[in-house]
Amino acid sequence: MDEADELTIYQRSRTDKTYVGPSVTDFKGMRLRIGNKYIDGGPGYAFCDVKDEVTLRHSPGGRVHIKATFMEDDRAFQTVTLQKFTGSGLAREHFTFMPDEIATLLKFLTNLKQIHFPDAGKVNITDADLEQVLLRPDQMRRIVADNQELLAALARNEITSEDVVALGYRKRQLREFERLLNDRDHFLSVLERHPKGPEDVWQQFFEANPWIFGSGLSLIHFGPFANRKLEQVVKGFSISGPGKRVDALLRSRALISTACFVEIKRHDSPLVSADTYRPGIWQPSRDLSGAVAQVQGTVSAALEGWRAQEAITDADGELTGETLFTTEPRSFVICGRLTEFQGEHGVNERRFRSFELFRRNLIRPEVVTFDELYERARFIVEAEAEPLASGSHQ
């Protein structure tokens, strides 16, 4: 779009509307949109340079254009730009906020609306202390009157607002998990945004939802490293060195943290071969046996370069305070679905037995199907929701 076209849109757009552009795909395969809002402001003042001096001049009223670039899936802001055309219409004045700055700006504006000023004096307060500042008594009374059941549940169960937000997010992500697993048309529509293929759909989903691995793989709670993606390079002198990659490198949440490797395959990968190896015996599918060999090779290569105890660093080489013990790390393969063994009139017991005997006799890795992982994630969400539900009905 040339400058003249943008100026025309700028002049003709209505201030009582929000304009959102079509979805576009970035180089990572993620969907982006651009939202636009126009505000007509009155006259004011502006700084300008006059003979190498900065002076304050009266400025006429004008139109301000707010342009926000955000992710379509989770609405995460990428940039927010404030701009306006100059009087000549040939140039623009603008300022752009980046993601961290946007979060700070929104929190700042929200906090200003919450501060109670007891007198005419100034206020200097840390953000942490500001969270504890009480609203005016009349505001508190109104909140209590409008939210009696919710406040009663919060009081009984000591549930924080962060808990409520996290639970809402996890419920939405659980629904998305179920759709990716069972709605083929939906999976294919998401796949269009992932040119690397079906495995990347699941890789990105779990990158956004590491909590599913947290308690879904084992009774031991696993989680990602601080400020790191799940997918990590693991072969070399340290975790950040060159070499083999694993789809998810986790550490146990315990007094002593141990390593855990996860290989993520496809939900529609077969678990056993189509034909019998011997009458009544089905061998593991090529996809499953290949994934097992892959993660075994990755773990072996990583341990060749790791010490028994590794101090973890960030991308800049700074120690994070995390220490990883690498003795006999656990490993998992996420592959296929148990519905493969469900026929028109019930479960094919012999085919299922062949799969179950194979994975039960594996020492490492442990094999978990996508539908099993979904059920574990559903259990986590329902367990988290139970205190809210019981508290609101007491």
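Everything numeric in this text was worked out from a predicted model, so none of it was measured.
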(request) Answer with yes or no whether the side chains of Ser285 and Asp287 bring together a donor and an acceptor at under 3.5 Å. (result) no

(request) Check whether the side chains of Thr79 and Thr69 place a donor and an acceptor atom closer than 3.5 Å, and report yes or no. (result) yes

(message) Measuring only between side-chain heavy atoms, which start at C-beta, is Leu357 closer than 4.5 Å to Phe352?
(response) no

(message) Do Leu188 and Val190 have side chains that approach each other closer than 4.5 Å (heavy atoms only, starting at C-beta)?
(response) no

(message) Taking the six-membered ring for Trp, are Phe332 and Phe261 closer than 6.0 Å centroid to centroid?
(response) no

(message) Assess whether a salt bridge exists between Lys196 and Glu199, defined as any Lys/Arg side-chain N lying under 4.0 Å from an Asp/Glu carboxylate O.
(response) no

(request) Hey, can you tell me if Phe206 and Trp202 have their rings parallel, tilted or perpendicular (30° and 60° cut-offs)? (result) parallel

(message) To the nearest 0.5 Å, what is the distance between CG on Leu181 and CZ on Phe370?
(response) 8.0 Å

(request) Evaluate the side-chain proximity of Val381 to Arg378: yes if any heavy-atom separation is below 4.5 Å, no if none is. (result) no

(message) I want to check something: taking the side chain as every heavy atom from C-beta on, are Arg337 and Asp268 in contact at a cut-off of under 4.5 Å?
(response) no

(request) With rounding to the nearest 0.5 Å, note down the distance linking NZ in Lys37 to CZ in Arg14. (result) 10.0 Å

(request) Kindly compute the distance separating CD (Glu366) from CZ (Arg360), expressed to the nearest 0.5 Å. (result) 9.0 Å

(message) Quick one, Asn182 with Glu178, criterion side chain to side chain contact (heavy atoms under 4.5 Å, CB included). Give me CA distance, side-chain angles, the key distance, then yes/no.
(response) CA-CA 6 Å; Asn182 299 319; Glu178 193 275 336; 2.9 Å; yes

(message) Is it the case that the side chain of Asp183 and the backbone of His186 share a donor-acceptor pair, with hydrogens and angles ignored and the cut-off at 3.5 Å?
(response) yes

(message) With clusters defined by side-chain heavy atoms of hydrophobic residues (ILVMFWY) lying less than 4.5 Å apart, directly or transitively, does Val367 cluster with Ile281?
(response) no

(message) Can a donor-acceptor pair be found, under 3.5 Å and without considering hydrogens, that links the side chain of Lys265 to the backbone of Gly336?
(response) no

(request) Give a yes or no on this: more than 12 heavy atoms of other residues, nucleotides or ligands lie within 6.0 Å of atom CD1 of Ile363. (result) no

(request) State, yes or no, whether a side-chain contact exists between Val333 and Val368 at a heavy-atom distance under 4.5 Å. (result) no

(request) Show your working on side chain to side chain contact (heavy atoms under 4.5 Å, CB included) between Ile66 and Val80 and close with a plain yes or no. (result) CA-CA 7 Å; Ile66 305 174; Val80 171; 4.3 Å; yes

(request) Kindly compute the distance separating CD (Glu176) from CZ (Phe205), expressed to the nearest 0.5 Å. (result) 6.5 Å

(message) Donor-acceptor check, side chain of Asn209 to backbone of Trp211, threshold 3.5 angstrom: yes or no?
(response) no

(message) Please check: side-chain N/O of Ser300 versus main-chain N/O of Gln296, any donor-acceptor pairing under 3.5 Å?
(response) no

(request) Salt-bridge test for Glu328 and Arg364: reply yes if a basic N is under 4.0 Å from a carboxylate O, no otherwise. (result) yes

(message) Within the structure provided, determine whether Pro329 and Val299 are in side-chain contact (heavy-atom separation under 4.5 Å).
(response) yes

(message) With a 4.5 Å cut-off on side-chain heavy atoms, are Arg350 and Arg353 touching?
(response) yes

(request) Treat each ILVMFWY residue as a node, draw an edge where side-chain heavy atoms are under 4.5 Å apart, and state whether Met71 and Ile34 are in one component. (result) no

(message) Can you give me the closest heavy-atom contact between Ala274 and Arg351, atom names plus distance?
(response) O-NH1, 4.1 Å

(request) List the atom of Arg170, the atom of Ile380, and the distance in Å for their closest heavy-atom pair. (result) NH1-CG2, 4.2 Å

(message) For the CD atom of Gln173 and the CG atom of Leu180, what is their distance to the nearest 0.5 Å?
(response) 9.5 Å

(message) Strictly distance-based, threshold 3.5 Å: is any side-chain N or O of Arg31 a donor or acceptor partner for the main-chain N or O of Thr25?
(response) no

(request) Please indicate whether Tyr19 has more than 12 foreign heavy atoms, meaning atoms of other residues, nucleotides or ligands, lying under 6.0 Å from its OH. (result) yes

(request) Decide whether Phe355 and Tyr277 are clustered together by the hydrophobic rule: side chain heavy atoms of Ile, Leu, Val, Met, Phe, Trp, Tyr closer than 4.5 Å, transitively. (result) no

(request) Without swapping roles, check the side chain of Ser354 against the backbone of Trp282 for a donor-acceptor pair under 3.5 Å. (result) yes

(request) Give the ring-plane orientation class for His267 versus Phe187, where under 30° counts as parallel, over 60° as perpendicular and anything between as tilted. (result) tilted

(message) Run the side chain to side chain contact (heavy atoms under 4.5 Å, CB included) test on Asn36 and His65 for me, step by step, so that the C-alpha distance in whole Å, both residues' side-chain angles and the decisive distance to 0.1 Å come before the verdict.
(response) CA-CA 7 Å; Asn36 300 276; His65 175 200; 2.7 Å; yes

(message) Nearest 0.5 Å, please: how far is CZ in Phe213 from CG in Leu373?
(response) 6.0 Å

(message) For Glu372, is there any backbone N or O sitting under 3.5 Å from a side-chain donor or acceptor partner on Glu375?
(response) no

(request) Compare every heavy atom of Gly197 with every heavy atom of Leu191, then report the nearest pair and how far apart it is. (result) CD1-C, 3.5 Å

(message) If hydrophobic clusters are built from ILVMFWY residues whose side chains come within less than 4.5 Å, do Leu362 and Val272 share one?
(response) yes

(message) Would you say that Val262 contacts Cys260 through its side chain, given a criterion of any heavy-atom pair below 4.5 Å between the two side chains?
(response) yes

(message) By the definition side chain to side chain contact (heavy atoms under 4.5 Å, CB included), identify the one residue from Val292, Thr369, Leu271 that meets it with Cys335.
(response) Leu271

